[in-house]
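Please read the structure below before turning to the comments.
Lettering of chains follows the sequences in order, A, B, ..., and the numbering in each one begins at 1. Quantities reported herein were computed from a predicted structural model and do not represent experimental measurements.
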Amino acid sequence: MIREVLRSIFKKPATNLYPAQKLVMPEKFRGKLKFNPVKCIGCKMCMRDCPTGAITINKVGEKKFEAVIDLGKCIYCAQCVDSCLKKALEATREVELAQQDIKKLKVTYSDESGNEPPKEA
Amino acid sequence: MHNSEEFKIPIGPQHPALKEPESFSVALKGEKILGIEIRLGYNHRGIEKAAEERTYIQDIYLIERICGICSHSHSTAFVQAVEEIAGLELPKRALYIRTLIGELERVHSHLLWLGVAGHEIGFDTLLMYTWRDREIVMDILALLTGNRVNYGINTIGGVRRDISKEQAEEVLKAMDTLEERTKYYIELGLSETTLVKRLSGVGVLTYDDALRLDAVGPTARASGVKRDVRKDDPYAAYGEMDFKVITEKNCDVYGRTLVRLKELMEAYQIIRQCIKNLPEGPVTIKAPRKIPAGEALSRYEAPRGEDVHYVKANGTEKPERVKVRAPTLANVQAVKQMLKDRFLADMPIVIAAIDPCFSCTDRLVSLRQVDSKDKKTMNWQTLREYSIDWHRKQGIDFKKLNQKLKTNV
Ligand code: SF4
Ligand code: SF4
């Protein structure tokens, strides 16, 4: 018994040491969405099938579209990814989406490269 | 307290012994329970109504969220009903994957239950052990479906994700580990005196009572009722699986523990068969957006018992009616019987033994106009008018509110 107790004192925790050590999500993970404006044709199928109304596609110019995704509303079901015939949307493995400011949860993608959002609305 | 006095105590809607709000009004004489009144309805979320206002595709995700533990059960029961109305013939591979995920879900749910049961009788080491092992199956679920809890694997006309060879290997490896551990738990369940003594003879539900009160799932099977939708009315790929329906003759909480433990072993077998016999081919077929008019009832053996979904379609993109009967609703009546003439201290473990999920159960709220003469049931329209009226009287200005909402979003 005493030995058991002493051993437990010096053992390292069984849980992950979170901020320092991060888990890697599996490949099929449905995390934060990524939007590629080059591929989008503005058919809005994603908007129609989204169960929560988290995604909005806006026309910003001739054949140019931007996506506004409300990360607070999104349930990360990736139905929009399935619905998009042009593969303009993609689910990433990113999970750390917590924000202090509620406004930062609304992300606009309009960058040509489709990478990280250039401006946060 | 004086022993001859009879009195009533309320347990819930908010109570440390309950994981979800539900109200039990217990009539006591000393420590002995004379009778219980159960009142459901504290967790009503209006999901059925919400499902009528969304398209079938959106509903899959809504229905999935009826329960966080048996989410696959609900979504499968729902899509099965829709597929039946639409007359879709699913590819074999899709059915196998559905079965596989269904069994993985059973594994995680039963392990979870075992931990909770251990906790309720003060055996917290068991809770730590089983929940540690549950992580293995949760990780497997995340690997196969893309999430740990709401898997989102079902879609109308199949499943959304295929399983690769490497993933299948991972699953088999995990099953070996889990089988080893489960064997240990079974041994523990059979030999650990504290566990056997604490659970035996507690919450007795005889065979006849189980039939009379329509108990389902492990609760019924522990009373010797050999009922399992997977065998009686096979859905998905269960018709091709080789497994036993576990029953016990103990009729008490101990029997329910053994049933769940042995069902875990069966689940590992089914999972192995799924992987071994996984047919080649596509995992989805194209489903129409508009489902033709018709109705269907679909049954599913959730970890807690039989789950029933009814869907009525009217030829549009949205269902006309969706009705869900979760297994807890069938089992909760039996709790009264189980606790009659027992001690108050048995209550937490007896309630936990049916593995209740109260928020899944709360489906219907019927509102009566008590202030009107005939006390009739309110319909949707009157209820809406009443609520708008009530809020106006409280001085809420809807115009301002709408504007505020718009600017906030
Ligand atoms: S479905 Fe795809 S192509 Fe259509 S609007 Fe959405 S992102 Fe663009
Ligand atoms: S992941 Fe789901 S909830 Fe999020 S935007 Fe896409 S469809 Fe909507």
| remark: Turns out that what part of D82(A) lies under 4.5 Å from chain B's heavy atoms comes down to side chain
| field | Side chain / backbone / both / neither for I102(A) at chain B, heavy atoms under 4.5 Å | value | neither
| task | List the atom of P26(A), the atom of A142(B), and the distance in Å for their closest heavy-atom pair. | result | CG-O, 3.5 Å
| Close side-chain approach of I75(A) and R65(B), heavy atoms under 4.5 Å | yes
| said: Heavy-atom cut-off 4.5 Å, strictly under: side chain, backbone, both or neither for E170(B) against chain A? | reply: neither
| task | Specify the closest pair of heavy atoms between P51(A) and Y61(B), including all atoms of both residues, with the distance to one decimal. | result | CG-CD1, 3.5 Å
| query | Where the side chain of R30(A) meets the backbone of T145(B), is there a donor-acceptor pair that is under 3.5 Å apart? | reply | yes
| request: Could you look at I60(B) and say if it's the side chain, the backbone, both or neither that has a heavy atom under 4.5 Å from chain A? | output: neither
| Taking every non-hydrogen atom, the tightest pair across R289(B) and D49(A) | NH2-OD2, 2.7 Å
| task | Quick one: which of G31(A), A78(A), A91(A), G72(A) has the most heavy-atom pairs under 4.5 Å with chain B, could you say? | result | A78(A)
| message | Is it the case that over 12 heavy atoms from other parts of the model lie below 6.0 angstrom from the OH atom of Y185(B)? | response | yes
| Portion of R93(A) that has a non-hydrogen atom of chain B nearer than 4.5 angstrom | neither
| task | Report, as yes or no, whether the 6.0 Å neighbourhood of atom CG on L85(A) holds more than 12 heavy atoms from other residues, nucleotides or ligands. | result | no
| remark: Here the pair of heavy atoms bringing R160(B) nearest to Q79(A) is NH2-N, 3.5 Å
| Does atom NZ of K86(A) have more than 12 heavy-atom neighbours from other groups under 6.0 Å away? | no
| remark: Bottom line for Q167(B): the part with an atom under 4.5 Å from chain A's heavy atoms is side chain
| said: Can you confirm whether more than 12 heavy atoms, excluding those of I9(A), are under 6.0 Å from its CD1 atom? | reply: yes
| query | Quick one: does E27(A)'s side chain have a donor or acceptor within less than 3.5 Å of a partner on L143(B)'s backbone? | reply | no
